[in-house]
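Some notes on the structure that comes next.
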2 protein chains.
Amino acid sequence: MSGDEAGAIGHPAEGEATMADVAALAEVSPATVSRYLQGKRVRDAERVAAAVEQLQYRPNQAARGLRSRTTGAVAVVVRDIGNPYAASLVAGIQSVAGDLGFPLYLAGGVDHLDEIVDNISPRVDAIVCAATLDRAVLDALRRARKPTVLVEFEPAGEEHEFDVVVVDNAAGAEAAVGALIDLGHRSIGVVAGPDGVSVARERLEGAEAAVEKAREGVTLAVERTDFSFAGGRVATGRLLDREEPPTAIFACNNLTAIGTLQCIQDRRIPVPEQLSFIGFDPFAHPDLVCPAPPSTVDRPEEAQGALAMRLLEGRMSGRGAARPRRIVLETTLVLRGSTGAPPDRRADHAGAARRRHHLDG
Amino acid sequence: MSGDEAGAIGHPAEGEATMADVAALAEVSPATVSRYLQGKRVRDAERVAAAVEQLQYRPNQAARGLRSRTTGAVAVVVRDIGNPYAASLVAGIQSVAGDLGFPLYLAGGVDHLDEIVDNISPRVDAIVCAATLDRAVLDALRRARKPTVLVEFEPAGEEHEFDVVVVDNAAGAEAAVGALIDLGHRSIGVVAGPDGVSVARERLEGAEAAVEKAREGVTLAVERTDFSFAGGRVATGRLLDREEPPTAIFACNNLTAIGTLQCIQDRRIPVPEQLSFIGFDPFAHPDLVCPAPPSTVDRPEEAQGALAMRLLEGRMSGRGAARPRRIVLETTLVLRGSTGAPPDRRADHAGAARRRHHLDG
DNA sequence: GTGAAAGCGCTAACAT
DNA sequence: ATGTTAGCGCTTTCAC
């Protein structure tokens with residue numbers, strides 16, 4: 001395919017033009033073309049550029065990778081791309097990876113994540129991992145020996161050498177529970193996550209911190225879940241079945257929040273009149289949610305992804321501190337219709353509701 | 001790194017073992033190892049297997065690709081991974097790609113999709129494209145000269161050579177509008193999509209077909225949108241502002257459906273008492289949606305993705321018909337609380353509603 | 001700054 | 001069925 005006549009004609013009959021073709025057409029050596037492509041100064045840059053353009057030359061990534069041991073690609077690891085949080089994160093990563101010219105591998109699956117990481121890691125220069133981490137996955141990440149950034153999930157109580165981009169989960173939870181306390185709630189239910197998951201622990205700790213700061217007789221009723229949709233539903237049922245059910249519920253992630261709302265819906269509990277609600281993680285369209293638009297602790301998901309990708313880019317190009325970096329982003333508490341005063345403090349609120357109703361009619 | 005002492009020790013000091021290392025340890029030629037790895041029959045298979053295991057040998061994909069001109073990877077092209085439909089589809093593709101051992105490139109972005117396809121195509125053996133298609137994207141797909149399957153979106157009125165996995169959009173829309181007609185609706189609003197998008201056209205045609213079949217005085221009020229969220233909201237407003245507003249609305253995709261519901265919510269229109277609603281595409285949690293759980297025409301998104309990937313696998317391994325295949329899946333109409341009889345036929349329904357209310361209280 | 005030459009790790013002819 | 005050989009397209013010494 002490469003050869004004399006190809007250069008002369010300007011169009012290798014079939015298949016891609018090679019660097020040798022470009023070199024021949026530009027009347028330089030392949031080495032010069034290679035240098036030109038790497039952005040180095042070259043005497044006949046214009047002629048080379050013209051040849052590249054004329055032949056529609058595209059470097060062969062396999063050959064380049066074989067020689068230089070790079071791939072020019074990045075992997076993003078998530079357990080379930082169907083989770084809106086993961087999808088937004090990936091969207092954020094994708095947008096900056098695209099700008100940087102890095103194709104993105106999507107590696108995922110609920111199980112065997114360690115094997116998946118092992119399979120993908122030779123194909124990439126760097127990894128973004130936004131999945132709950134167990135020992136096996138962590139080991140796979142280490143085996144990769146590639147720049148890696150952990151997004152949102154950190155290994156449970158363990159030293160590690162990776163960069164990290166997280167949100168301040170504890171502060172977010174504290175703000176949420178604090179807001180409920182300020183409204184007068186004294187018994188607050190928490191739909192928590194697994195103890196082994198970093199974000200679950202932090203959010204629970206944040207909730208507890210808010211209670212401690214209040215220093216009044218505020219009690220927290222905690223139900224653990226697996227952070228699933230169904231788990232949230234069951235846990236909420238348990239909370240509401242207690243002797244003295246809470247007047248407010250804080251659900252610690254997006255899936256359990258759905259479960260909580262479904263349970264509330266099933267039981268036709270007036271929100272926020274009888275029960276207030278705050279969830280962690282944004283809803284796509286809160287204004288369409290029953291029984292009331294849910295208050296949420298929102299994270300900047302796309303920004304988080306974008307930041308992770310930029311961090312990685314820095315590592316790959318050798319810039320950045322040698323030490324692992326840890327970036328903590330802030331959450332935002334958005335109070336919506338699902339949050340109000342507890343029943344025993346609602347006199348004035350009920351009046352306000354009536355007044356609003358009048359205005360509507 | 002490869003060489004005599006490596007084989008003897010069994011552990012190349014650093015970096016990966018090469019095929020030569022394996023061959024030396026197993027006392028066969030590299031070619032035999034290569035054949036073994038490709039699943040061909042080899043005399044000393046056990047010894048080779050042992051050597052592979054002992055050295056933790058992982059083939060170098062770059063070298064393999066350079067030689068064999070394959071990549072072992074697949075690309076999935078979507079415009080916006082944040083769209084739940086796209087995310088589900090990708091999940092379906094991912095699950096079978098994982099089983100087949102194909103890493104997945106996620107290629108996407110709203111703009112410049114043709115360039116993105118050009119960039120990704122040399123890195124993959126096959127492409128799944130689930131994005132609206134314009135001339136530029138289509139050309140990029142053709143330039144790739146790789147097995148390609150189009151999911152959901154087909155080029156607007158144009159011959160093409162690609163495999164296709166779609167749902168029967170027209171039948172789905174016809175079922176939805178037919179159900180509204182059967183309930184007694186005579187004026188039905190349609191929030192349609194852009195004329196250039198195949199699914200938009202088909203869904204509108206399906207709606208029209210239902211009206212024709214009815215042969216009574218049923219009229220369709222059509223508002224075009226760009227299939228966006230905001231577009232759906234505006235279009236719904238226009239429908240409701242008409243002289244004789246429709247008693248039911250059919251929204252032709254998931255984004256416009258959200259917009260429609262928001263508009264309905266804004267105007268506090270009772271659903272389904274005064275206005276019925278059906279959308280195209282599933283909602284993640286329909287029971288939590290206000291003002292009423294939306295009826296929807298559901299597609300088997302994950303199955304669609306899985307099927308596309310299997311089709312591709314067949315093409316890559318040379319199996320399958322030479323001619324392009326076209327697979328059409330069925331949709332499912334799910335009627336929920338957002339759909340009922342029109343106001344002028346609600347006498348009995350209102351009674352039913354009252355009765356239900358009594359039972360609750 | 002440039003060109004010549006070597007070689008990354010693998011697969012595919014080819015001859016045996 | 002096996003080994004030998006060549007070379008995929010590129011980057012990177014090295015000498016100039």
Side-chain angles (χ1 to χ4, degrees), chain A residues 1-4 6-7 12-49 51-52 55-73 121-123 125, chain B residues 1-4 6-7 12-49 51-52 55-73 121-123 125 316 318:
Chain A
M1 219 51 57
S2 64
D4 323 8
E14 271 297 313
E16 305 291 291
T18 82
M19 190 175 270
D21 298 324
V22 175
L25 182 57
E27 298 178 296
V28 294
S29 76
T32 299
V33 178
S34 176
R35 292 183 191 110
Y36 167 79
L37 259 24
Q38 289 165 54
K40 297 180 182 166
R41 283 198 61 79
V42 161
R43 192 184 318 116
D44 302 311
E46 295 150 23
R47 280 223 312 286
V48 177
V52 165
L55 297 177
Q56 287 286 313
Y57 169 71
R58 321 273 315 177
N60 177 318
Q61 182 56 47
R64 177 178 279 179
L66 176 57
R67 196 50 236 250
S68 66
R69 341 229 98 214
T70 64
T71 66
S121 60
R123 290 175 172 266
D125 294 338
Chain B
M1 220 52 54
S2 63
D4 322 7
E14 270 297 313
E16 305 292 293
T18 83
M19 189 174 270
D21 298 325
V22 176
L25 182 56
E27 297 178 295
V28 294
S29 76
T32 299
V33 178
S34 176
R35 291 184 189 108
Y36 166 82
L37 259 23
Q38 290 165 54
K40 299 183 180 161
R41 280 197 62 79
V42 161
R43 191 181 324 111
D44 302 310
E46 295 149 24
R47 280 221 316 283
V48 177
V52 165
L55 297 177
Q56 288 286 315
Y57 170 70
R58 319 272 319 176
N60 177 318
Q61 181 56 48
R64 181 178 274 181
L66 176 57
R67 192 55 237 240
S68 67
R69 331 220 114 237
T70 64
T71 66
S121 60
R123 289 175 172 264
D125 294 338
M316 284 189 274

Report the distance from atom [atom1] of [X] to atom [atom2] of [N], rounded to the nearest whole Å.
X	N	atom1	atom2	answer
Q61(A)	dC8(C)	CD	C1'	14 Å
D21(B)	dC8(C)	CG	P	12 Å
R69(A)	dT12(D)	CZ	P	11 Å
R64(B)	dC8(C)	CZ	P	18 Å
R58(A)	dC8(D)	CZ	C1'	19 Å
N60(A)	dC10(C)	CG	P	16 Å

_Within-4.5 Å side-chain heavy-atom neighbours: D44(B) and T32(B)_ =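 Sidechains of T32(B) and D44(B): no contact.
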*Heavy-atom check, side chain of Q61(B) versus side chain of P122(A), under 4.5 Å*: no
*Could you check which of dG9(C), dG7(C), dT4(D) has an atom nearest any side-chain atom of R67(B)?*
dG9(C)
*What nucleotide, of dG3(D), dC10(C), dC10(D), holds the atom closest to the side chain of P59(B)?*
dC10(C)
*Identify, residue by residue, the members of residues 38-45 of chain B with a heavy atom below 4.0 Å from DNA chain D, and return them in order of residue number, or none.*
V42(B), R43(B), D44(B)
*Taking the nucleotide of DNA chain D with the closest heavy atom to each, which residue, P30(A) or S29(B), is nearer the 5' end?*
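Per heavy-atom nearest nucleotide, the more 5' residue is S29(B).
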_Assuming nearest nucleotide by heavy-atom distance, tell me which of L66(B) and R35(B) is located more 5' along DNA chain D._
R35(B)
Spatial distance of atom [atom1] ([X]) from atom [atom2] ([Y]) [nearest 0.5 Å]:
X	Y	atom1	atom2	result
E16(A)	Q56(A)	CD	CD	9.5 Å
S68(A)	Q38(A)	OG	CD	8.5 Å
T18(B)	N60(B)	OG1	CG	9.5 Å

*By salt bridge (Lys or Arg N to Asp or Glu O under 4.0 Å), which residues pair with R123(A), not counting sequence neighbours?*
none
*asked:* Is a donor from one side chain sitting under 3.5 angstrom from an acceptor on the other, for D125(B) and T70(B)?
replied: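 No, no side-chain donor-acceptor pair sits under 3.5 Å.
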It should be established whether [X] places a side-chain nitrogen or oxygen under 4.0 Å from OP1 or OP2 of nucleotide [N].
X	N	value
Y36(A)	dT2(C)	no
T32(B)	dG3(D)	yes
S68(B)	dC8(D)	no

